[in-house]
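Only one structure is covered here, and it is reproduced in the block below.
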Amino acid sequence: NRADEQTLLVLGAGGDLTARLLLPGIAGLLASGAGAGLHLIGSGMDDWDDEHWRERVRTSFGDAGSAEPVARVARETCYLQADATREPDLRRVLDACRGPVVIYFALPPAVTAKVCQTLVDVGLPEGTRLVLEKPFGTDGASARRLNELLARLVPEDRVHRIDHFLGKSTVLNILGLRFANRIFEPLLDANHVESVEIVFDESLALEGRAGYYDRAGALADMIQSHLLQVLGLLAMDAPPALTAQELRDRKAQVLRATRLWDDDVAACSRRARYTEGEVAGRRLPAYATEDGVDPARGTETLAEVVLAVDTWRWAGVPFRLRSGKALAAARKEAVITFKPPQRIPDGLSGYRRPDRLRIGFGPDRLHLDLNINGPDDPFEIDPVTLGADFGPGDLPPYGEVLRAVLDDDPVLSVRGDTAEECWRILEPVVAAWRADEVPLLEYPAGSATLPDSLLDGHPGV
Ligand code: BG6
């Protein structure tokens, strides 16, 4: 047995997530030279043989599959048909694994919880790691229950709650930008920052994911998970080291201090769903009429919340988080808007907008909007933008987070207390939306802007 031998066991191998994100992530990872002793086992309810599964793996591996370490895994992988909620099936699948096992639950949350329950009875081999997809639970109570269950199975450091945004190079680059420069960090506080926006607007729509999305909605799909993680990295204090403990402690600290901007949920949250329209030449049906959607659920395809971070550093600075689907154009960025200068000397005219630092999450870029004296009138202010575009990271985000998982390092995984905290932050919103206290607005697919920005008239904005 090789010292680095381990098995990645994918439960839910037949699903869309496995084909579209997980397997390409693994391919990138293997092609980079990581995961040398990796075995891959796929398991699911579909009645497939090894060859059928291998073909799917090869397809998902794509071009990366021509590199030998990637091709080896595709050649050797096998498939076991099993119902992982049943003890004998689970035992059989675990028996087929070699070396420490990494169990990847590519399953809906309710099924994941059932399989974990079964695992308590089956028992786990020493060193097993568990990898769970978002959303982690469906509310605070279910996240807590799932955490309690997981704690009976493995120590917290072996639970990897995946948030692929933590594997995005520009999200990770928030750390370099903030802590490897002298010039931004001293300005990132309530003395100098007017507001922070974290926006992930997509032109993509439902894309055949009604089964999952119609139960989740934009709030759980994007804000409870990805955007709050980004807020954590942007707002936390500097960790002394980028170890799992230090990084995750700092993130947890700032998220514990985060809450809805005020008690009036209708004033600081907004939900909407798209109606029929056209996005980039593509005609889209109304969300409510999409196959698999139950319009009575009132699922939102756009969610927006304004949050406060109750720390000395951020008190009084609104953080606006928004994500919407089927919008005219993608806009994926965090924008830090600085306060205007204390005073602009008389005679220097034409000031139009404050300084802004914009961190783009796709395309990956960094922009700094400044004011200078332009080339014409020497006492007239002109806006300029300093910018850098970066290519994507070496690994796709799933590859990046999986690399840490295979290294047994939870640094990029969401810790259990943080997952619960992120539900706690949004609980008043979930409750008010359920009680219909906040209207479900509508926007035609392909809308460029949304009516009545929620932040208008908000203190400090
Ligand atoms: C996923 C969401 O987690 O992230 C999707 O479920 C969303 O709805 C996606 O489209 C966006 O992330 P990326 O980086 O894959 O575009």
Side-chain angles (χ1 to χ4, degrees), residues 12 15-28 60 104-109 112 131-138 160-174 198-231 233 271-274 279-280 282 284 287 290 292-293 299-304 321-334 359-365 390-402 412-414 419 422 426 445:
D16 170 66
L17 172 88
T18 302
R20 219 166 35 84
L21 296 165
L22 181 54
L23 292 174
I26 295 168
S60 288
Y104 200 111
F105 297 88
L107 297 169
T112 297
V131 189
L132 288 94
E133 269 296 327
K134 61 149 255 273
F136 187 78
T138 48
H160 297 268
R161 296 170 194 80
I162 294 293
D163 190 305
H164 79 278
F165 270 47
L166 294 173
K168 280 182 187 276
S169 56
T170 28
V171 171
L172 288 174
N173 190 30
I174 291 173
I198 304 171
V199 174
F200 203 88
D201 284 345
E202 302 177 277
S203 50
L204 288 181
L206 191 54
E207 319 300 332
R209 295 166 74 217
Y212 152 73
Y213 193 87
D214 199 43
R215 286 190 161 72
L219 190 74
D221 184 48
M222 293 300 297
I223 295 185
Q224 190 274 342
S225 47
H226 305 321
L227 301 195
L228 279 174
Q229 290 301 316
V230 174
L231 181 147
L233 292 180
R271 56 178 182 147
R273 70 178 169 192
Y274 64 84
V279 182
R282 193 161 66 116
L284 286 178
Y287 175 80
E290 289 262 25
V293 166
T299 301
E300 77 288 353
T301 58
L302 179 142
E304 184 170 64
L321 275 53
R322 185 182 73 228
S323 184
K325 290 206 181 283
L327 293 164
R331 182 181 159 222
K332 304 173 178 178
E333 58 179 2
I359 303 166
F361 304 127
D364 294 342
R365 56 165 63 136
F390 313 111
D394 287 347
L395 286 182
Y398 265 85
E400 199 63 67
V401 290
L402 274 168
L412 296 183
S413 304
V414 177
C422 292
L426 299 174

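Quantities reported herein were computed from a predicted structural model and do not represent experimental measurements. Note that the numbering runs from 1 along the sequence shown for the chain. When a ligand or atom number is given, it counts from 1 through the structure's own listing order.
Considering both main-chain and side-chain atoms, His164 comes within under 3.5 Å of ligand 1 through a nitrogen or oxygen pair. Note: an N/O pair closer than 3.5 Å links Lys325 and ligand 1 by distance alone.
Geometrically, Arg273 does not engage Tyr287 in a cation-pi contact, judged by NZ or CZ lying under 6.0 Å from the ring centre and within 45° of the ring axis.
In this structure, Phe165 counts as a contact residue of ligand 1, since one of its heavy atoms falls inside 4.0 Å of the ligand. Residue contact annotation: Asp221 has a non-hydrogen atom under 4.0 Å from ligand 1. Not a single heavy atom of Glu207 lies less than 4.0 angstrom from ligand 1.
Close approach to Lys134 involves these atoms of ligand 1, each under 4.0 Å from a residue heavy atom: 1 (C), 2 (C), 3 (O), 6 (O). Taking a cut-off of under 4.0 Å to the non-hydrogen atoms of Phe200, the atoms of ligand 1 that pass are 11 (C), 12 (O), 16 (O). Each of the following atoms of ligand 1 lies closer than 4.0 Å to a heavy atom of Lys168: 13 (P), 14 (O).
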Going through the distances and angles, do Lys134 and Asp163 end up as a salt bridge (Lys or Arg N to Asp or Glu O under 4.0 Å)? CA-CA 7 Å; Lys134 61 149 255 273; Asp163 190 305; over 6 Å; no

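Using a distance-only test at 3.5 Å, with no hydrogens or angles considered, no donor-acceptor pair links the side chain of Glu133 to the main chain of Ala106. Thr170 places no side-chain N or O within 3.5 Å of a backbone atom of Arg365 that could act as its donor or acceptor partner.
Between Tyr212 and Pro109 the shortest side-chain heavy-atom distance does not fall below 4.5 Å.
In terms of protein heavy-atom proximity, atom 7 (C) of ligand 1 is closest to Glu202 OE2, 3.6 Å.
In terms of the ring-ring contact (aromatic ring centres under 6.0 Å, His included) criterion, Phe361 has no residue partners (sequence neighbours excluded).
Taking the six-membered ring where tryptophan is involved, the planes of His164 and His226 are perpendicular, since the angle between them exceeds 60° and thus also 30°.
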